[in-house]
Amino acid sequence: MNGQPFQTPVEYLKGVGTARAEVLKKELGVKTLGDLLQHFPFRHIDRTRFYKIKDVQDDLPYVQVIARVTRKEILGEKHTKRLVAQVQDDTGVMELVWFQGIKWVEKNLTAGKAYILFGKPGSFNGKAQMSHPEFDLYGSEAAQRKGNLTLQPVYSSTEKLKQFTLDSKGIQKLVVGLLDQFAREITENLPLYIVNKFKLMARADAYRNFHFPEDANKLAEARHRLKFEELFLLQLKLLKNKVLHTQKFKGAIFDKVGPFFNEFYAHKLPFELTNAQKRVLKEIRQDTQRGVQMNRLLQGDVGSGKTVVALMSMLIAIDNGFQTCIMAPTEILASQHYQTIKSLVGDGFIEVALLTGSVKTKDRKIIHQKLENGELKILIGTHALIEDKVQYQNLGMVVIDEQHRFGVEQRSKLWRKNVIPPHVLVMTATPIPRTLAMTLYGDLDVSVIDELPAGRKPIKTVHLYESSRLRMFGLMKEEIAKGRQIYIVYPLIQESEKLDLKNLMDGFETISREFPLPQYRISVVYGKIKAEEKEYEMQRFVRGETQIMVATTVIEVGVNVPNASVMIIENAERFGLSQLHQLRGRVGRGAEQSYCILMSKDKLSADGRIRLNTMVKTNNGFEIAETDLQLRGPGNIEGTQQSGLLDLKVSDLTTDQELLMLCRKCVEDIFAVDPQLAAPEHQVLNMAFQDKNAGLSWNKIS
Ligand code: ADP
Ligand code: MG
C-alpha cells in the first residue's frame with residue numbers, strides 16, 4: 001500500500017465508525033489505514049500446541065485445550081453473578097468462569113459437547129481454572145479456520161479501547177478486514193535489485209506475516225524485511241536531505257594554509273597532535289576546499305582534544321580571509337573556551353573576544369563594530385552570537401559546542417549569517433553511539449577522535465559503599481598531602497532540591513570536621529548562591545587556595561583545574577551514566593594519577609549496579625554511551641526526545657545497529673551513483689518522500 005489507501009482515514013474501514021475512529025486516534029495514534037497496518041502485534045501466541053488439562057499450570061501464558069463440557073450453571077446474584085462450567089479431557093478436570101457476557105455463553109456453550117478452549121490459565125481453590133476463555137466447537141468450521149492460524153497476534157490495547165470492543169481480538173479483526181480489502185495495494189517500495197540482493201521478503205507478504213505469520217520462520221523474515229525497510233527509508237530521507245543541501249548551498253573555499261596556521265603550528269602548539277587529531281583536521285581540510293558547505297560532527301571523549309582541532313580549523317579560515325566564532329550553550333562554557341583559546345594563541349597574535357548576555361553595552365558595541373569591519377577574527381559566546389543585530393563582515397566558520405542544546409533550527413539561522421553560509425563544525429560534549437549519531441545527525445558527516453593524548457594516565461575508578469567512608473577520607477588525605485586538589489559532588493535533581501541541599505550541607509559539615517582549618521581549606525559551590533560568590537569560590541579553587549571543592553553538578557561544565565586529581569561523587573547511584581562520565585572528566589587533566597570515587601548506598605537497583613560497574617570497568621566514553629543506550633533505550637538519551645526521529649515502529653537502534661549500518665551503506669551507494677534518484681530502478685524510492693507511512697515525516701527532519 002503506497003500513497004492513497006495508506007492515507008485513507010481509518011473510519012472508512014468496515015467495522016470502524018466515527019466513534020471507534022476517534023478512540024483509535026486518541027489511544028493509539030492510529031488515524032489512517034497505514035497507521036493501522038503498522039500497529040504491529042507486540043507478540044504472538046502459539047496456537048499449534050494443545051495442552052492436556054493435567055499439564056495446565058497457572059504460570060503458563062495462553063494455552064489451548066480440547067475438552068468436553070460436563071456441567072454448566074449460573075451462580076450468585078447481581079455483582080457476584082457468574083457462569084461456571086466444568087470441562088474434562090482424558091487427563092483431568094478444569095473449571096471455566098465468566099462474569100460478563102453470561103447470556104451469550106449460556107446460549108453458545110452446550111453441555112456434552114467438546115470445544116477448543118483458549119485462555120490464560122489460573123487456579124481457584126487449588127483447581128485449574130480459566131476465566132473468559134475463547135471457545136470454538138471442536139470440529140466446527142470456525143475452529144478449523146483458527147486451526148490454520150498458527151501464531152495468533154497480540155495487540156496492545158487500552159481500557160478505553162476495550163469499551164469499544166477493541167481489545168486485542170477486536171483489533172485483530174480490523175486488521176484482517178484491512179488485509180482482505182487492501183492487501184493487493186501493498187506494493188513494493190524498495191528497488192527490486194535490493195530486495196533480491198538481500199533476499200528480503202516481498203513487502204505485502206511481510207505485512208501479512210508480521211500480523212498473521214504462517215510460522216515462526218516467516219515471522220522472523222517478515223520482521224527483518226520491515227526493519228530493513230524502516231531503516232533504509234529513514235537513511236534515504238536523511239541522506240537525501242544532505243544531498244539536497246549540498247546542491248543548494250555553496251561553501252566558502254579555504255584553499256590555502258597561511259601565516260596564522262603555520263605560526264601557530266610551528267611556535268605555539270604546546271604538544272604533538274595525536275594521530276586522531278591529525279586525521280580529523282585532514283577531514284575538515286578536505287571538506288572546506290570543495291566549495292560545498294561543511295556540516296560536520298566532531299565526536300570525541302572528554303579530554304580528547306577537540307578544542308585544539310577546532311581552533312586550528314578556525315585558523316585556516318582566518319588565513320583565507322574569513323571570520324570565525326565558537327558558540328557554547330552556557331556562559332560558563334563560553335568563558336572557559338575564551339580562556340582556553342586565549343591562552344593557546346597567546347598575546348598579540350590574533351584578536352579574540354567574548355560575547356555573552358552579560359557583556360556591557362559599551363563593550364558590546366565595540367565588538368559589533370569590529371565584527372562588521374572585519375577586524376575581529378575570533379568571537380566566542382553564547383546564543384548572543386546569532387542574534388540578528390550581530391553582523392559579520394565575512395563569517396566563514398562556526399564551531400558549535402554541545403549540539404543537542406542548539407538544534408537544527410539554530411544551526412540553519414547560522415547559515416544565513418553570510419551570503420555563502422559558513423562551514424559548521426559541531427562538537428559533542430559526550431560521545432553518543434555511532435548508530436544514534438547517524439540517525440540524529442544524519443545530515444552531518446561524522447569525525448571521531450578516538451585516541452587520548454599520549455602520557456595520560458587512565459583515571460582509576462572505585463566504587464565504595466557508605467561503610468567504607470573512612471577509606472575515602474584516607475585517600476583524600478594522601479592526595480592533599482601530595483599537593484593535589486579534590487572535588488566532592490552531590491546530586492541536585494530538581495524534585496528533591498531541598499533534600500539534596502541538605503545532603504550537601506550535611507556532607508560539607510562532615511568534611512569540615514574531618515578536614516579542619518587551618519591545615520585544610522574548603523570551597524562550597526551550589527546553584528543557590530550568588531554568582532559573584534560562586535565565581536569567588538571557583539577562583540580560590542582554581543588558584544589552589546582551597547584543596548577541596550564541595551559542589552553540586554554546577555561544576556560539570558565548570559573550570560579546568562589540572563591539579564585536581566580526585567573526583568568523589570556522592571549518591572553516585574542517582575546519576576546517569578553520561579553525567580558520571582562528564583564529572584569524572586573533570587580530573588585526569590594533569591600528568592598525575594587521578595582517581596574517581598563513586599560513593600553509593602548499600603542497596604542498589606539492577607540498573608544502578610550496572611551503571612557503577614560500567615564506570616569502574618571503563619574510561620571509554622563510547623563504550624559508556626553504548627551501555628547507556630542499552631539501559632535507557634534510544635528515546636531517553638539526551639537530545640533525542642524532541643527529535644521525533646526515533647519514532648521507529650519495528651526496529652530498535654539498540655539492537656539493530658548492524659542492520660542500520662548496512663542500510664546506511666546501501667543508501668550511500670545509491671546516492672553515489674544516482675544522486676537525483678532518476679534511474680528507472682530507483683523511481684520506486686521517490687514514493688518514500690510522499691508517503692508519510694513509508695518512514696518518517698519529512699518536516700521532522702529538514
Ligand atoms: P575536549 O574538549 O575534547 O574535552 P580539550 O580540547 O579541552 O578536550 O583538551 C583537553 C586537554 O588536553 C587540554 O588541556 C588540551 O590542551 C590538551 N591536549 C589536547 N590535545 C593534546 C595533545 N595532542 N597532546 C597533549 N595534550 C593535548
Ligand atoms: Mg572541551
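Both ligands and their constituent atoms are indexed starting at 1 by order of listing. The structure displayed is predicted, hence computed values, not measured ones.
For ligand 1 and Thr274, the ligand atoms under 4.0 Å from any heavy atom of the residue are 23 (N). For ligand 1 and Asp301, the ligand atoms under 4.0 Å from any heavy atom of the residue are 3 (O). Annotation for ligand 1: atoms under 4.0 Å from non-hydrogen atoms of Val302 are 4 (O). Interface of Glu272 with ligand 1, defined as ligand atoms under 4.0 Å from a residue heavy atom, comprises 22 (C), 23 (N), 24 (N).
For a threshold of 3.5 Å applied to N or O pairs, the pair formed by Phe271 and ligand 1 contains no separation below that value. Residue Gly303 has at least one N or O atom closer than 3.5 Å to an N or O atom of ligand 1.
Contacts between Arg456 and ligand 1, counted as non-hydrogen atom pairs separated by less than 4.0 Å, involve the side chain only. Neither the backbone nor the side chain of Thr340 comes within 4.0 Å of ligand 1, counting heavy atoms alone. Within the 4.0 Å heavy-atom criterion, the part of Leu273 lying near ligand 1 is the backbone and not the side chain.
Phe349 and Phe260 have perpendicular rings, their planes meeting at more than 60° on a 0 to 90° scale where under 30° would count as parallel.
For Lys256 and Asp319, the salt-bridge test fails: no basic side-chain N is under 4.0 Å from an acidic carboxylate O. A salt bridge is absent between Asp347 and Lys342; no separation between the charged side-chain nitrogens and carboxylate oxygens falls under 4.0 Å.
Checked against a 6.0 Å centroid threshold, the rings of Phe254 and Phe322 count as neighbours. The aromatic ring centres of Tyr490 and Phe508 sit 6.0 Å or more apart.
Under a 4.0 angstrom heavy-atom cut-off, Gly300 registers as lying outside contact with ligand 1.
You'll find the side chain of Glu573 stays beyond 4.5 Å of the side chain of Asp607, heavy atoms only.
Pairs engaging residues 448-464 under the salt bridge (Lys or Arg N to Asp or Glu O under 4.0 Å) rule: Arg279-Asp450 [sequence neighbours left out].
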For residues 473-480, which side-chain donor-acceptor pairs fall under 3.5 Å, sequence neighbours excluded?
from, atom 1, to, atom 2, distance (Å)
Lys477, NZ, Glu514, OE2, 3.0
Glu479, OE1, Ser565, OG, 2.8
Glu479, OE2, Lys482, NZ, 2.7

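Looking at Thr307, Thr428, Ile449 and measuring to atom 2 (O) of ligand 1, the nearest heavy atom belongs to Thr307.
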